[in-house]
Amino acid sequence: MTVDPKALNTRCVELFQNPNVRLRLWNARMFWQVGNQMNVAPTALTDPKVDTCELEVMLSAAALTDSQCAAELDKREPGRAAFIQRQIREGMRPLLRSAHQA
């Protein structure tokens, strides 16, 4: 299954608004290009810095919901989705690949 990049980014933005994700106090600047803005509106999160498939797996794990991209990520790199999910469960934030490497 190939995922539409815009739809995947939209899912990531929605997951980023999840209360369980917000508890982690992550700033959108960590994952999206937002210039010098600190408090960015969700509608401005259109240019990801990181691989959106990895981001979706990470945010889904933090939101305590099933990932829609884990299988696709594991096709590219077996075990990567489980690694990201494990890092989140253990209270860490895994280093995600750049959007330009994906």
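Reckoned from all heavy atoms, side chains included, excluding hydrogens, waters and symmetry mates. Residues: numbered from 1 along the sequence shown.
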Sequence neighbours left out, what passes salt bridge (charged side-chain N to carboxylate O under 4.0 Å, His left out) with E14? Give chain and number order. none
Nearest 0.5 Å please: distance from the CZ atom of F83 over to the CE atom of M58. 12.0 Å
Quick one, V50 and L55 - any side-chain contact, counting heavy atoms below 4.5 Å? yes
Go through the structure and list residues passing side-chain contact (heavy atoms from CB on, under 4.5 Å) with P42, not counting sequence neighbours. V13, Q17
Not counting sequence neighbours, list each pair that qualifies as a disulfide bond (SG atoms under 2.5 Å apart) and has a residue in residues 19-51. none
Residues passing the side-chain contact (heavy atoms from CB on, under 4.5 Å) test with T65, sequence neighbours excluded, are R11, L15, S60, A63
Looking at every non-hydrogen atom in both residues, tell me the closest pair between P94 and I84 and how far apart they are. CG-CG2, 3.9 Å
Is atom CG of L23 surrounded by more than 12 heavy atoms (other residues, nucleotides or ligands) closer than 6.0 Å? yes
Please list all pairs meeting side chain to side chain donor-acceptor pair (under 3.5 Å) that have one or both residues in residues 25-40, counting only residues at least two apart or in different chains. N9-W32
For C53, all residues meeting disulfide (SG to SG under 2.5 Å), sequence neighbours excluded: C69
Report whether M30 and L59 are members of the same hydrophobic cluster (ILVMFWY, side-chain heavy atoms less than 4.5 Å apart, transitive linking). yes
Taking the side chain as every heavy atom from C-beta outward, state whether K49 and H100 have any atom pair closer than 4.5 Å. no
Would you say E72 and E56 make side-chain contact, with heavy atoms under 4.5 Å? no
How would you list all residue pairs meeting disulfide bond (SG atoms under 2.5 Å apart) that involve residues 3-49, not counting sequence neighbours? none
Minimal heavy-atom distance between P48 and A99, with the atoms involved, is O-CB, 3.5 Å
Could you check whether any side-chain heavy atom of R22 comes within less than 4.5 Å of a side-chain heavy atom of F16, counting everything from C-beta outward? no
Verify same cluster id: L64, I88 (apolar side-chain graph, 4.5 Å): no
Could you tell me which residues satisfy side-chain contact (heavy atoms from CB on, under 4.5 Å) with A81, sequence neighbours excluded, listed by chain and number? V57, A70, L73, D74
Residues R76, E54: salt bridge by 4.0 Å N-O rule: no
Qualifying salt bridge (charged side-chain N to carboxylate O under 4.0 Å, His left out) pairs, either residue in residues 34-45, two or more places apart: none
side-chain contact (heavy atoms from CB on, under 4.5 Å) between R80 and K75: does it pass, once the steps are laid out? CA-CA 9 Å; R80 181 74 177 154; K75 277 188 207 173; over 6 Å; no
